Amino acid sequence: MMTKFTAAAALALLTACGSASVAEQEAAAQIRTAAAPLTIAGIRIGMTAPEVRAALARTGWKVETSAGEDWAATVDHEAKRQRGVFPIEEPKNGIAVLNATKGDERLTVEFQPVPNGDAVKLVRYVAPAAGRTPEQIATEMVKRYGKPETSQVAASIYEANWCTGGDRCRQIWGNPHQGLEVRLDVYGKLNISLSQGVAAERAWQNAVSRAVGGGTDPKSSF
């Protein structure tokens, strides 16, 4: 069942940054093997930008990207920030956001830089409900993701959340672990969001800080 997926994204990030212990790396591998991650349009948290492009190309999406800082620029930016230096703009050799369209479907993928490229941290999907009732959408979502942790189906309302890692599941935003939210908005559009969770974000921030610390000059003995 999809809701068995835990903090694999955070462990994978630590592994990519060379900061995970052998035990953590083995745990990440076991998690990837034991449970399929939550996905939107075939996109999962932690995928690289080339993997996302390839997956969307196979299913007929038109893709545009917005440039962002790569890992080196991100580390440099943080090092300067710690010294009280605020450059107007760092070189943008990475990918910050990917926007994709297919007919009336819209997909937005946000990335964060990691040592080996850019990794997915957030996915948002929007499309018209195409005349489907909340009950029909609920049935489709259960088939795709399994039983939600929380859900509401009434009149024109549909909201559901799939949380992982034992998080409280009133909503996915602010939860430590990865989660997926589906809702039918007042305009009759289906919105699906997939978030990596704050634990993975914290692991990423710590990795950047360690990279900055590892690159500083040794202090003088005098």
Side-chain angles (χ1 to χ4, degrees), residues 2-3 5 8-10 12-13 16 32 35-70 92-114 116-134 136-146 148-149 151 157-164 171-175 177-198 200-201 204:
M2 297 296 185
T3 52
F5 186 66
L13 176 61
R32 288 194 295 269
L38 299 168
T39 63
I40 298 177
I43 309 304
R44 66 181 183 278
I45 297 298
M47 285 180 72
T48 66
E51 288 173 334
V52 172
R53 283 178 175 273
L56 295 177
R58 286 194 296 269
T59 49
W61 290 84
K62 180 180 178 182
V63 173
E64 294 182 352
T65 59
S66 298
E69 295 178 2
D70 62 8
K92 289 185 167 51
N93 298 315
I95 295 178
V97 180
L98 179 152
N99 290 296
T101 58
K102 184 168 67 171
D104 52 11
E105 299 174 276
R106 300 289 182 270
L107 186 70
T108 301
V109 184
E110 295 183 15
F111 296 87
Q112 59 191 11
V114 294
N116 62 344
D118 301 281
V120 175
K121 68 175 183 178
L122 179 68
V123 187
R124 296 180 187 269
Y125 170 91
V126 180
R132 290 170 291 176
T133 66
Q136 289 172 325
I137 294 172
T139 299
E140 292 173 6
M141 295 301 110
V142 169
K143 288 181 179 178
R144 180 178 295 274
Y145 299 115
E149 298 296 322
S151 64
I157 298 173
Y158 175 67
E159 296 180 358
N161 294 280
W162 286 258
C163 297
T164 62
Q171 61 175 5
I172 64 170
W173 310 109
N175 280 356
H177 304 100
Q178 184 180 155
L180 184 138
E181 174 191 79
V182 180
R183 64 182 177 86
L184 185 63
D185 66 25
V186 295
Y187 303 104
K189 290 188 176 182
L190 180 64
N191 295 259
I192 308 177
S193 300
L194 175 60
S195 170
Q196 70 175 354
V198 297
E201 176 65 23
W204 178 81

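Keep in mind that what you see is a predicted model, and the values were worked out from it rather than measured. Starting from 1, each residue takes its place in the sequence as its number.
The NZ atom of K143 lies 11.0 Å from the CE atom of M141; values are rounded to the nearest 0.5 Å. With rounding to the nearest 0.5 Å, the separation of CG in L98 from CH2 in W61 is 10.5 Å. Here the straight-line distance linking atom OG of S193 with atom CG of L38 works out to 12.5 Å at 0.5 Å rounding. Within the model, atoms CD1 of I40 and CD1 of I192 stand 5.5 Å from one another, a figure rounded to the nearest 0.5 Å. We find the CZ-OG distance between R183 and S151 to be 16.0 Å, quoted to the nearest 0.5 Å. Distance OG/S195 to CZ/R124: 8.5 Å, rounded to 0.5 Å.
With T164 contributing its side chain and Q178 its backbone, the two residues share a donor-acceptor pair below 3.5 Å. Side chain of K92 to main chain of D70: no donor-acceptor pair is present (N/O by atom type, distance under 3.5 Å, no hydrogens or angles). Looking at W173, its side chain never comes within 3.5 Å of a backbone N or O of G197 through a donor-acceptor pair. Under the 3.5 Å distance criterion, the side-chain polar atoms of W162 are matched with a main-chain donor or acceptor of G146. Side-chain N or O atoms of D118 include none that pairs as donor or acceptor with a backbone N or O of V114 at under 3.5 Å. With T59 contributing its side chain and L56 its backbone, the two residues share a donor-acceptor pair below 3.5 Å.
Side-chain atoms of P148 and V142, non-hydrogen and from C-beta on, do get closer than 4.5 Å to each other. Side-chain atoms of I45 and L194, non-hydrogen and from C-beta on, do get closer than 4.5 Å to each other. Taking the side chain as every heavy atom from C-beta outward, V52 and V120 approach each other to under 4.5 Å. The shortest distance between side-chain heavy atoms of N161 and L180 does not fall below 4.5 Å. In this structure the side chain of L190 never reaches within 4.5 angstrom of the side chain of D185, judged on heavy atoms. For the pair N175 and V198, the minimum side-chain heavy-atom distance is 4.5 Å or more. The shortest distance between side-chain heavy atoms of V109 and F111 falls below 4.5 Å. At least one side-chain heavy atom of L107 sits less than 4.5 Å from a side-chain heavy atom of V123.
The two atoms that bring I172 and G179 nearest to each other are CD1-O, 3.5 Å, heavy atoms only. A pairwise comparison of heavy atoms in E105 and A127 identifies CG-CB, 3.9 Å as the closest pair. Nearest heavy atoms, P113 versus W204: O-NE1, 2.7 Å. Minimum interatomic distance between D104 and P128 (heavy atoms only, all atoms of both residues): O-CD, 3.4 Å.
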Subject >> Derivation and outcome, side chain to side chain contact (heavy atoms under 4.5 Å, CB included), residues T65 and R53 >> reply: CA-CA 10 Å; T65 59; R53 283 178 175 273; 3.2 Å; yes
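Atom CZ of R132 has more than 12 neighbouring heavy atoms from other residues, nucleotides or ligands inside a 6.0 Å radius. With a 6.0 Å radius and a threshold of 12 heavy atoms from other residues, nucleotides or ligands, K102 has its NZ atom above the threshold.
Between the side chains of E201 and Q196, at least one donor-acceptor pair of N or O atoms lies under 3.5 Å.
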